[in-house]
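Atoms considered below: every heavy atom in the structure, side chains included; atoms not considered: hydrogens, waters and symmetry mates. Because the structure is a prediction, the values reported are computed rather than measured.
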Amino acid sequence: MNGAELLVSALENEGVTQIFGLPGEENLAMVEALRRSSIELVVTRHEQAAAFMAATHGRLTGRPGVCLTTLGPGALNLTTGAAYALLGAMPMVMITGQKGVLSRKQARFQVVDIVATMTPLTKMARQIISPATIPALVREAFRMAQQERPGPVHLELPEDIAAEPAPDVPLISPHPIEMPIAHPAALDRATAMISTAERPLIMLGAAANRPRLSDALSDFVRRLQIPFFNTQMGKGSVAGGSELYMGTAALSERDYVHDAIDRADLIIAIGHDTVEKPPFFMGPNGPTVLHVGYLPATVEEVFFPHVELIGDVGPSLQLLAQRLEGKLPKAGALLPLREGILEHIGERAEESRYPLTPQRIVHDVRQAMPEDGIVCLDNGMYKIWFARNYRTHVANTLLLDNALATMGAGLPSAIMAAMLHPDRRVLAVCGDGGFMMNAQELETAHRLQLSLVVLILEDNAFGMIRWKQEADGYPDFGMTFGNPDFVTFAKAHHMEGSRVENADGLAPALEAAFAGGGVHIVVAPVDYSENRRVLIDELSAHAL
Ligand SMILES: Cc1ncc(C[n+]2csc(CCOP(=O)(O)OP(=O)(O)O)c2C)c(N)n1
Ligand SMILES: [Mg+2]
């Protein structure tokens, strides 16, 4: 057995079944070991997409996704994906090749210090210096990636270490680790605080979306009957409970949901991670904030909780619910605001305008998606509209990135979702800018025979930045571009493509695309004049 074979055995020992990547000659021993293993090598057309897919695997399953690239240029293409997983708290293991370290027959050809590059982008970045260290390093890498706060780790396997005979070192088996539950003193303090609140409100943040938490969190909300809102990445963390949903804080202030936030005297912030654009600003005059999390809150200018309940969130919330259930006469104090907020958010959802308004697009997508259908967003203007207006009923059914907020992740994350859930409808929603950043992965999706629909919102522009440019009073400059004919582009990739030609065309186009199976592209022209009308003019007037 050589180093590469030992590494692959160690990955099998961790339960890895797939690796996403794009190999180079420094990985050839590893590729050969994979060929003879139980692990499937899923080839992508760009390393960045492999990282987005591996990170999304971690996000959706709680188990690290694994990606593989060569040295130098290939490894550098992982960096955006590494940052995506680091900021988004997604468990991922990245394996890269390197020239030999014991001798340097090619001098410095293609050699970049990738461990140094990855250090600030990961929880751990290490070079494997001898095959004997592989079992321990791999176990440590998976433990680090998975444990709270989850994130990416990096292992570099130089080609000579990969080829070197490995000594007979036993693999280290993973074992379950239960996290500690909140301390009774912290539970007492939180109980007292919630019991005396006049207008309590729950906020569900990014960490509320950990796959293992959904049941306990939904149970907590149901038992306490305190209304809740969520951050963008906290969306969908509670199953059901929709009569308590007050909205999503897609903006940091002045949106309709802030009517409730501004009136709350206590916000129970469950799993808030300050990597997200602030869902509200804390200030000297309130509100009081109770942070419930796996880890203590990070203190920021705009987020400095007064009380913290730290520990495994699900069981800790269960204990809190036991103390509080049925004893909160003021639980629903803010509920009367709900109808007004949701009514405003729902305005113009069925307006017949062409090109389509963002509100209509969100509405029609919701119609096409069953409750368990998964929508994966790229980054662009429409993300704010989906965050504000799209209603979720099942955990992790709206995947968006409000942490690195990178363009280009929409299609790869949807590919991963479709691989994990072949029986569910999966839709990628991309702008014409973001789609083109990883459009090459259409070939991957087609090769893998996935069922997947890609909705491209066409405004021939970097719409979001164009909107900000206008809002800041700058002239319109440098934000527009032309596009390929996306329907022909789809055909060239051996898949169906269609273009929405009128206001009522999106819903049937999506329905036909899903019914057809395989990969489909649907192009919808979008009218972004609503950005200014609603998100600036209307909301400024509302805040007065
Ligand atoms: C990789 C990357 N580059 C640039 C940005 C800055 N940025 C955010 S949104 C955006 C425009 C996105 O354009 P498009 O995908 O067409 O979506 P639209 O806003 O037009 O709907 C840009 C350039 C980013 N977030 N990520
Ligand atoms: Mg655009």
Side-chain angles (χ1 to χ4, degrees), residues 55-65 88-91 146-150 176-179 181-182 201-249 268-273 276 279 291-295 309-322 324-325 366 369-377 386-387 390-403 413 416-418 420-421 423-426:
T56 304
H57 180 283
R59 178 182 194 171
L60 285 176
T61 66
R63 287 178 288 107
M90 307 177 198
Q146 204 160 359
Q147 81 186 14
E148 288 292 337
R149 178 178 183 274
I177 303 176
E178 283 76 26
M179 288 186 74
I181 298 172
L201 191 59
I202 291 174
M203 177 177 90
L204 305 171
N209 245 329
R210 301 281 190 266
R212 66 180 182 284
L213 183 55
S214 168
D215 289 348
L217 194 60
S218 309
D219 191 54
F220 177 76
V221 170
R222 190 185 48 73
R223 288 171 72 182
L224 260 59
Q225 291 291 305
I226 296 176
F228 70 89
F229 72 105
N230 46 253
T231 67
Q232 293 194 33
M233 289 179 84
K235 226 173 154 69
S237 46
V238 158
S242 57
E243 77 288 353
L244 295 168
Y245 171 72
M246 302 288 281
T248 300
I268 306 164
I270 302 176
H272 181 46
D273 191 327
E276 282 205 82
H291 167 82
V292 182
Y294 293 100
L295 298 173
L309 189 71
I310 306 306
D312 198 356
V313 173
S316 300
L317 287 178
Q318 238 163 12
L319 292 179
L320 198 56
Q322 269 171 27
L324 289 167
E325 190 174 7
R366 185 63 275 185
M369 300 305 282
E371 289 206 339
D372 69 351
I374 303 175
V375 174
C376 301
L377 302 186
F386 270 86
Y390 192 78
R391 292 288 298 275
T392 53
H393 309 286
V394 174
N396 281 306
T397 48
L398 180 67
L399 298 191
L400 59 76
D401 164 24
N402 187 34
S413 61
M416 191 69 246
L420 287 168
H421 297 290
D423 49 334
R424 286 157 72 168
R425 284 190 174 181
V426 177

d(E148 CD, I310 CD1) to nearest 0.5 Å is 11.0 Å
Atom CG of L217 and atom CZ of R210: how far apart are they, to the nearest 0.5 Å?
12.0 Å
Whether Q232 side chain and D401 backbone form a donor-acceptor pair below 3.5 Å
no
Scanning both residues in full, the closest heavy-atom pair of Q146 with G62 reads NE2-O, 3.3 Å
If the condition is salt bridge (Lys or Arg N to Asp or Glu O under 4.0 Å), which residues does R391 pass it with, not counting sequence neighbours?
none
Residues R149 and D273 bridged, charged N to O under 4.0 Å
yes
Taking C-beta and beyond as the side chain, do H421 and D372 meet within less than 4.5 Å on heavy atoms?
no
Calculate, to the nearest 0.5 Å, the distance between atoms CG and CD1 belonging to L399 and I374 respectively.
6.5 Å
Less than 3.5 Å apart, any donor N or O on the side chain of S237 or N209 sitting next to an acceptor on the other?
no
Could you measure the distance from the CZ atom of F386 to the CG atom of L400? Nearest 0.5 Å is fine.
10.5 Å
Does a side-chain N-to-carboxylate-O contact under 4.0 Å join E178 and R212?
no
I'd like to know if the side chain of T392 reaches the main chain of V394, judged simply by a donor and an acceptor atom lying under 3.5 Å from each other, with no hydrogens or angles considered.
no
Smallest separation among heavy atoms of A207 and Y294, with atom names:
O-CE1, 4.0 Å
Would you say the side chains of K235 and T248 form a donor-acceptor pair under 3.5 Å?
yes
I'd like to check N230 versus Y245 (side-chain heavy atoms, cut-off strictly below 4.5 Å). Are they in contact?
yes
side-chain contact (heavy atoms from CB on, under 4.5 Å) assessment of I202 paired with F220:
CA-CA 11 Å; I202 291 174; F220 177 76; 3.8 Å; yes
In the structure I gave you, are the side-chain heavy atoms of L201 and F228 within less than 4.5 Å of one another anywhere?
no
Show the atom names and distances, to 0.1 Å, of all donor-acceptor pairs under 3.5 Å that link a side chain in residues 312-322 to residues at least two apart or in another chain.
| residue | atom | partner | partner atom | Å |
| --- | --- | --- | --- | --- |
| S316 | OG | A182 | N | 3.0 |
| S316 | OG | D312 | O | 2.6 |

Check the pair I270 / M203 against side-chain contact (heavy atoms from CB on, under 4.5 Å), numbers first and verdict last.
CA-CA 6 Å; I270 302 176; M203 177 177 90; over 6 Å; no
Report yes if some heavy atom in the side chain of Q225 is under 4.5 Å from a heavy atom in the side chain of E243; otherwise report no.
yes
Measure the shortest side-chain to side-chain distance between V221 and I226 over non-hydrogen atoms and say whether it is less than 4.5 angstrom.
no
Is any side-chain heavy atom of P370 closer than 4.5 Å to one of R425?
yes
Between M90 and P150, is any pair of side-chain heavy atoms under 4.5 Å apart?
no
Distance-only, no hydrogens or angles: does the H272 side chain make a donor-acceptor pair with backbone N or O of A206 under 3.5 Å?
no
To the closest 0.5 Å, what do you measure between CD (E325) and CZ (R223)?
4.0 Å
Any non-hydrogen side-chain atom of V375 less than 4.5 Å from a side-chain atom of T397?
no
For the CG atom of L204 and the OG atom of S218, what is their distance to the nearest 0.5 Å?
9.0 Å
Might you confirm whether atom CG of D215 has over 12 heavy atoms from other residues, nucleotides or ligands at distances under 6.0 Å?
no
Would N402 and T231 count as a side-chain contact (heavy atoms from CB on, under 4.5 Å) here? Give the steps.
CA-CA 9 Å; N402 187 34; T231 67; 5.7 Å; no
What's the shortest heavy-atom distance between P279 and F229, and which atoms?
CB-CE1, 4.4 Å
What residues form a salt bridge (Lys or Arg N to Asp or Glu O under 4.0 Å) with R366, not counting sequence neighbours?
none
